[in-house]
Amino acid sequence: MAVLHRPRVTITQMVAEDVNAELDRLREAVVGMRSALDEMLAAADVRDGGEHREILESYRMFADDRGWVARIGEAVHAGLTAEAAVQKVQDDTRARMAQATDPYLRERLSDLDDLGNRLIVHLSGGQTRPILPDPPVPIIVFARTMGPAELLDYDRKWLRGLILEEGSPTAHVTIVARALDIPVIGQVKDALARVEPLDAVIADGDNGQVFVRPTEDVRDIFATSMRGREARQASYLAMSNLPTVTRDGIGVPLNLNAGLLIDLPHLKSAGADGVGLYRTEIPFMVRADFPDVAAQADLYRKIYAAADGKPVVFRTLDVGGDKVLPYMSSAGDENPAMGWRAIRIALDRPHLLRQQLCALIQAASGARLDVMFPMVAEVAEFDAARAILDIEIERAAARGIPLPSPLRVGAMLEVPALALQLPALLRRADFLSVGSNDLIQFLFASDRGNPRLADRYDVLSPVILSFLHDLALRYSAAKVPLAICGDMGSRPLETMALIGIGMRSLGLRPLEVFLDSLYATSAHTIRDLLLAYARDHGVAV
Ligand code: PEP
Ligand code: MG
């Protein structure tokens, strides 16, 4: 059922009759709000450590900020009621928010805005609680935007989803929701205007769709697909301990993509061999400033501990483009995906890369270390990055830090030009990993984030498959491990095709022959043919 997040409080009295009484009310409400926040954060069953904790703690710190409370107090002294004073300070904050282009600052200002709302709720004696179903049933909460701690106001037992009119993948509330396994659909225009409290709602997080007051037909379709999904999840879970081998006995390592500490428990639940891609930039994106070597090493040590002996491929910072660090000025690129990002920044600002590599070496503390450089377009860039790593290894040796062993250095293959330099690359890299998300957007010159283009090209087109097939053949001849870390490797039918084209040292023979016959077709996609093949061979996709 739909729950509309805290409809706005209407403030009826703006002018204070008794300033001292208003100041008392304000003080009381601030104390009440702080202790309620403490209780809520202590009770939140978010796992210890991690970025979501950092977010919640810094949010809590704002509540103690004397400057903020003092400004509200000044407005009361000037003659406003406590509620009106909070609103005045909130208006100022919103005006600053509207001007802020810096995403980190915007997030922080929105935390403050959120605290203002919370304080008004305390002043009004809590009469703004949202309308909740009674007796309780599963709910989907609708909001324009929401602070990270507000999500914790809702009973986790019943909370099934969050629909935001604003919101982005890196918004604090989204990160906290992720930590709690609550699906979020963001950027849903006019969501609040289209729903009434306690309406029946279906939220389809996979496709980013929300159905308000769905018809019987739609409900039935979703009920069936939910049952299918649950059955599929249960069957995946039951299989998670089985070895990942094909029917004809070829081992295919299964790795996880991760970007937050909280992703790592999935290593065990999915029965994965390791982390094939750890996107190190995500923790950098939620911070106020660039973490120093000690802070980075601390985080990487936690990742090692959580991986519990399984290998983790650390990708060095892939910032720039759409992954903006609030404390680093953006290049203002016209084509950010093709702009000053990833290894290009790392080579122009080597101290950033050096610090990160130094932290990784410290965290490895003599154990295995896998480092991967993103967006390499030329072998010379790989060499330059590798040379920086060698210097850091020498420094660590001079300081008596145990050196990583083995040390494996790889590159992401996501810029098509790199595929044209394979012989030189294969002599240098210990492993390569295809970043199919970027590779495909560059091969087709088609923005990966543009929904209008989402269906224009298919990853199962003969063009892409024959391109990857060719790569795989050359890798297996050179005996350099080739993995795939783009999203393509996370979908069953696509995975079947990848195994078939030989994305391992050996392919799946019958499927390999079937695919061989298809590379030369000029079809838009061979998805249907692969589906039919899967069906004919009893492969669940
Ligand atoms: C890719 O490009 O396929 C990839 C895995 O990297 P990201 O999605 O982080 O750009
Ligand atoms: Mg990429």
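Ligands are counted one by one from 1 in listed order, and the atoms in each one are counted from 1 as well.
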S.K.: If you take the nearest heavy atom of each of Glu281, Arg315, Gln441, Arg341, which one is closest to atom 6 (O) of ligand 1?
M.R.: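 Answer by nearest heavy atom: Arg315.
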S.K.: Run the numbers for me: atoms of ligand 1, each under 4.0 Å from some heavy atom of Asp438, listed by number.
M.R.: 1 (C), 2 (O), 3 (O), 10 (O)
S.K.: Quick one: does Asp487 get an N or O within less than 3.5 Å of an N or O on ligand 1?
M.R.: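 Not met; the criterion fails.
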S.K.: Main chain of Gly410, side chain of Asp430: is a donor-acceptor contact present, judged purely on distance under 3.5 Å?
M.R.: no
S.K.: More than 12 foreign heavy atoms under 6.0 Å from CZ of Arg229: is that the case here?
M.R.: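 Open.
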S.K.: Hey, is Asn257 touching ligand 1 through its side chain, its backbone, both or neither, going by heavy atoms under 4.0 Å?
M.R.: neither
S.K.: I need the atoms of ligand 1 closer than 4.0 Å to a non-hydrogen atom of Met412, numbered in the order shown.
M.R.: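 Listed by number with element: 4 (C), 5 (C), 6 (O).
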S.K.: Is the distance between the ring centroids of Phe314 and Tyr304 under 6.0 Å?
M.R.: yes
S.K.: Say you draw a straight line from CG of Leu353 to CD1 of Ile391; how long is it, rounded to the nearest 0.5 Å?
M.R.: 10.5 Å
S.K.: Indicate, as side chain, backbone, both or neither, the part of Met375 found under 4.0 angstrom from ligand 1 when only non-hydrogen atoms are considered.
M.R.: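 Answer for Met375: neither.
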S.K.: Going by the order shown, which atoms of ligand 1 are within less than 4.0 Å of some heavy atom of Cys485?
M.R.: 5 (C)
S.K.: Using a strict cut-off of less than 4.0 Å between a Lys/Arg side-chain nitrogen and an Asp/Glu carboxylate oxygen, indicate whether Glu166 and Arg144 qualify as a salt bridge.
M.R.: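 So Glu166 pairs with Arg144 through a salt bridge.
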S.K.: Kindly give the atom name of the N, O or S atom of Asp438 closest to the Mg ion (ligand 2).
M.R.: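 Going by distance to the Mg ion (ligand 2), the closest N, O or S atom in Asp438 is OD2.
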S.K.: Do ligand 1 and Glu414 have nitrogen or oxygen atoms that lie under 3.5 Å from each other?
M.R.: yes
S.K.: Please list, in number order, the atoms of ligand 1 under 4.0 Å from a heavy atom of Leu277.
M.R.: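 Counting atoms of ligand 1 from 1, those under 4.0 Å from Leu277 are 5 (C).
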S.K.: In terms of atom number and element, which parts of ligand 1 are under 4.0 angstrom from non-hydrogen atoms of Arg448?
M.R.: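 Near Arg448, meaning under 4.0 Å from one of its heavy atoms, ligand 1 has 2 (O), 7 (P), 8 (O), 10 (O).
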S.K.: Ring centres of Tyr300 and Tyr278 under 6.0 Å apart?
M.R.: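 No, they do not, as the ring centres are separated by 6.0 Å or more.
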S.K.: What atoms in ligand 1 come closer than 4.0 Å to a heavy atom of Gly486?
M.R.: 3 (O), 5 (C)
S.K.: Measure the CD-CD1 distance between Gln187 and Ile163 for me, rounded to the nearest 0.5 Å.
M.R.: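 It comes to 12.5 Å.
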S.K.: With heavy atoms of Arg279 as the reference, note each atom of ligand 1 found under 4.0 Å away.
M.R.: 4 (C), 5 (C), 6 (O), 7 (P), 8 (O), 9 (O)
S.K.: State the atom name: nearest N, O or S atom of Glu414 to the Mg ion (ligand 2).
M.R.: OE1
S.K.: Can you run down the side chain to side chain donor-acceptor pair (under 3.5 Å) pairs that involve residues 368-384, sequence neighbours left out, and say none if there aren't any?
M.R.: Arg368-Asp370, Asp370-Arg408, Asp383-Arg428
S.K.: Could you list the residues that satisfy salt bridge (charged side-chain N to carboxylate O under 4.0 Å, His left out) with Arg474, not counting sequence neighbours?
M.R.: Asp470
